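Heads up, the thing below is written out as structure tokens.
Computation of the quantities below employed the complete heavy-atom set of this structure, encompassing side-chain atoms and omitting hydrogens, waters and symmetry-equivalent molecules. Model, not experiment: these values are computed from the prediction.
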Amino acid sequence: MLDPRIYRAGLVAVALAVIVFAFSFQNQPGALQSSLAPDAFNAQYAFGQMRNLSKQYPDRPPGSVADGDLAAFIAGTFSHEPEKDAFAVSTDTFDAHTAAGTRTLENVIATRTGTENGSIVVIAHRDASGSPAMAAMSGTATLLSLANVLAGATLHRTIVLASTSGSVGASGAARLASTIPGPIDAVIVLGDMAGTRVREPVVVPWSNGVGIAPLELRETLASALSADSNLKPGGTSLVGQFVHLAFPLTISEQGAFGAQGVPAALVSASGEREPAVDEPVSEAQLNGLGRTVLATITALDDGPSVPPPSAYMLFDGKEIPPWAIRLFVLVLILPVLLAAVDGLARANRRGYSISRSALSVLTASVPFALAVLAVLGAKLTGLLAVAPPDPVGPGTVPIHGGDVALIGGLGCVIVGAFALGRWLLPHGKRAGDAARAVAGAGAGDDAGGGTAAVVPLIMCAVALAIWVKNPLAAALLVPALHLWIWIVDPEVRLHPLAALALLLVGLAPLFLVVFYYMSSLGFGPGGLLWSGVLMVAGGHIGLVAALEWCLVLGCTVSVAIAGLRVVHAEAPEQMPVTVRGPVTYAGPGSLGGTESALKGPAIRR
């Protein structure tokens, strides 16, 4: 059904794209340098504030009385800096979805207006999910110490210091990202600044949108970290970069700014995860990280504007630009697209029912789409009370009995929808009947030929739709595109084990994403499933994106069913040879060379 020659012709473009991709690597930009030493940072003051505040406000869940009292203390501290009227202090009160449900939160914002356009934003959350959470308070203590230093400093850009709440799910950070006026040169998020258990990377660039913190910001933080502390910024493997760009997910607050197109990075000794509530703390650690942030602020203030986040990757000290990644992924889709379009034309000429095969694929996608709609309905009706706007870490949103029932109900929706669709579809025959029908007369009957034409085309269409927004998300489908076309083709009779291997290898990138986040963020299988439900309910996974991946799952089911049919189909019967000699021998008289075939006058010898 699918013409291998057209597929091979498309691979020529892939070879050219590989050459262009290899020559697209470029040098990384250097770090911005500060002309001032960060000696003014007072680690002793910050360490004392951290200890006192964590003892005074040990239980401070988001929206609680203690959280509000701490916000008032921070606002008062900002207002009474030694330099009179150095900061203009304001508060923003709002209702938000948090890990504890809908709560009224408050952001405290201190602004020191500069002489030039642009602003540098430094934020730290003050709430905590446990007690005493002294390491979690270190960001707030560092923020207060920075306010002391920056109040009297001579700076060009506007400095914004913000204390947020609702750190789990980044409710406060998301609110700040949508309300703070621009333009914003960079955002530095203060995480665990004093913890002694270090988890790399210490400089976290990941975003909850398409793109990560620009290299100028990352390199500036890394350079200051190496100079002013005994920590290394840490890095991420090529696989980790690919996963973060293909499926953007971070559980820390810089992700909310990155999703808005604002360059932002987290500085935290605990890396992307929250420190333990009983995390040991160190004044030396706080001093090194505090000096790092102060040096970065002054370097950003003296340097040029920082570019917005982008979907670049790093390999062997080189930067792979976003345009090269986008072009390479598009060309990888091209061979399958060409073969699929040609296969559709062939199927149409042979009289296969394209519409029936397309309906079958769409029907296989409906159960997953119904599960997505059920999650959104549970949120609207209040059955799912907790739906933070950004992803949350493992164990931060407990699963209650009603939540377990909801997850079980989603499974029942999927199974029930498949059963109902099998009963309603006119061609929903039993497996044995379908297998015999696919065998047909040899070259593929209506179901097999139509599926071989429709499934690759639908998958290519979905991959291109995803590619428009996120090329690396589309790259997750590339192995499936190239391998599954041979599973569904009834003219290619694969061994059952070979068909199973191709199916699993096509799904390998999706498994890679799941296993990577389970490893890096500490999720278990159940926790990751629950987090996925919360991401759909909270809007991190949008409805359009969710429906696109429902189509992918529907194609996966269709490929698996088509593979079973082709594998179990009977081999086409061979027609008996009725001519003498080799099979390629045409036989006497077929070329018109016999005496009986000659017309007109006799041929002279």
Side-chain angles (χ1 to χ4, degrees), residues 1-21 242 246 311 322-350 352-362 364-365 444 448-492 494 502-503 505-510 544-545 547-560 562-563 566:
M1 177 58 64
L2 299 176
D3 192 344
R5 294 172 298 177
I6 295 178
Y7 176 79
R8 289 195 298 267
L11 293 179
V12 175
V14 175
L16 295 176
V18 170
I19 298 174
V20 174
F21 185 79
F242 171 79
W323 68 263
I325 297 173
R326 179 172 289 275
L327 175 63
F328 186 58
V329 174
L330 178 62
V331 175
L332 287 176
I333 299 173
L334 182 62
V336 182
L337 179 62
L338 294 176
V341 171
D342 177 74
L344 185 68
R346 287 169 176 262
N348 190 50
R349 288 195 300 268
R350 297 182 185 184
Y352 295 130
S353 177
I354 303 301
S355 60
R356 195 171 76 175
S357 298
L359 179 62
S360 177
V361 175
L362 294 177
S365 306
T451 301
V454 168
V455 170
L457 197 60
I458 291 179
M459 289 196 64
C460 285
V462 174
L464 289 174
I466 296 174
W467 174 87
V468 171
K469 184 177 181 180
N470 186 347
L472 282 176
L476 294 173
L477 299 179
V478 167
L481 288 175
H482 285 265
L483 298 177
W484 291 358
I485 58 174
W486 312 115
I487 298 178
V488 299
D489 193 340
E491 298 177 359
V492 180
L494 297 173
L502 293 182
L503 181 66
V505 173
L507 293 173
L510 300 180
V544 174
L547 293 179
E548 288 172 343
W549 287 102
C550 287
L551 272 175
V552 173
L553 292 175
C555 289
T556 304
V557 173
S558 299
V559 169
V566 173

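Val505 and Pro479 get closest at one heavy-atom pair: O-CB, 4.1 Å. Here the closest non-hydrogen pair linking Ala474 and Ile466 is N-CG2, 3.6 Å. Considering all non-hydrogen atoms of both residues, Leu472 and Ala246 come closest at O-CB, 3.4 Å. Contact detail for Gly506 and Trp484: the closest heavy-atom pair is CA-NE1, 3.8 Å. Nearest heavy atoms, Val329 versus Pro471: CG1-O, 3.3 Å. Summarising the geometry of Leu477 relative to Val462, their closest heavy-atom pair is CD1-CG1, 4.5 Å, with the distance given to 0.1 Å.
In this structure the side chain of Val552 never reaches within 4.5 angstrom of the side chain of Leu476, judged on heavy atoms. Counting heavy atoms from C-beta outward, Tyr7 and Leu338 have side chains that stay 4.5 Å or more apart. Looking only at side-chain heavy atoms (C-beta outward), Leu330 and Leu464 come within less than 4.5 Å of each other. No side-chain heavy atom of Phe21 sits less than 4.5 Å from a side-chain heavy atom of Val18. Using a 4.5 Å cut-off on side-chain heavy atoms (C-beta onward), Leu551 and Leu362 make contact. Inter-residue side-chain proximity for Ile458 and Val454 is flagged as met; some heavy-atom pair is nearer than 4.5 Å.
When atom types are taken as modelled, the side chain of His482 and the backbone of Leu332 share a donor-acceptor pair closer than 3.5 angstrom. The closest donor-acceptor contact from the side chain of Ser360 to the backbone of Arg356 lies at 3.5 Å or more, if one exists at all. Under a 3.5 Å cut-off, the side chain of Arg326 and the backbone N or O of Trp467 do form a donor-acceptor pair.
Distance check, rounded to the nearest 0.5 Å: CG of Leu507 to CG of Leu502 gives 11.0 Å. Going from atom CE of Met459 over to atom CG of Leu337 covers 12.5 Å, rounded to the nearest 0.5 Å. Here the CD1 atom belonging to Ile354 is positioned 9.0 Å from the CG atom belonging to Leu457, to the nearest 0.5 angstrom. In this structure, CZ on Arg346 lies 6.0 Å from CD1 on Ile6, to the nearest 0.5 angstrom.
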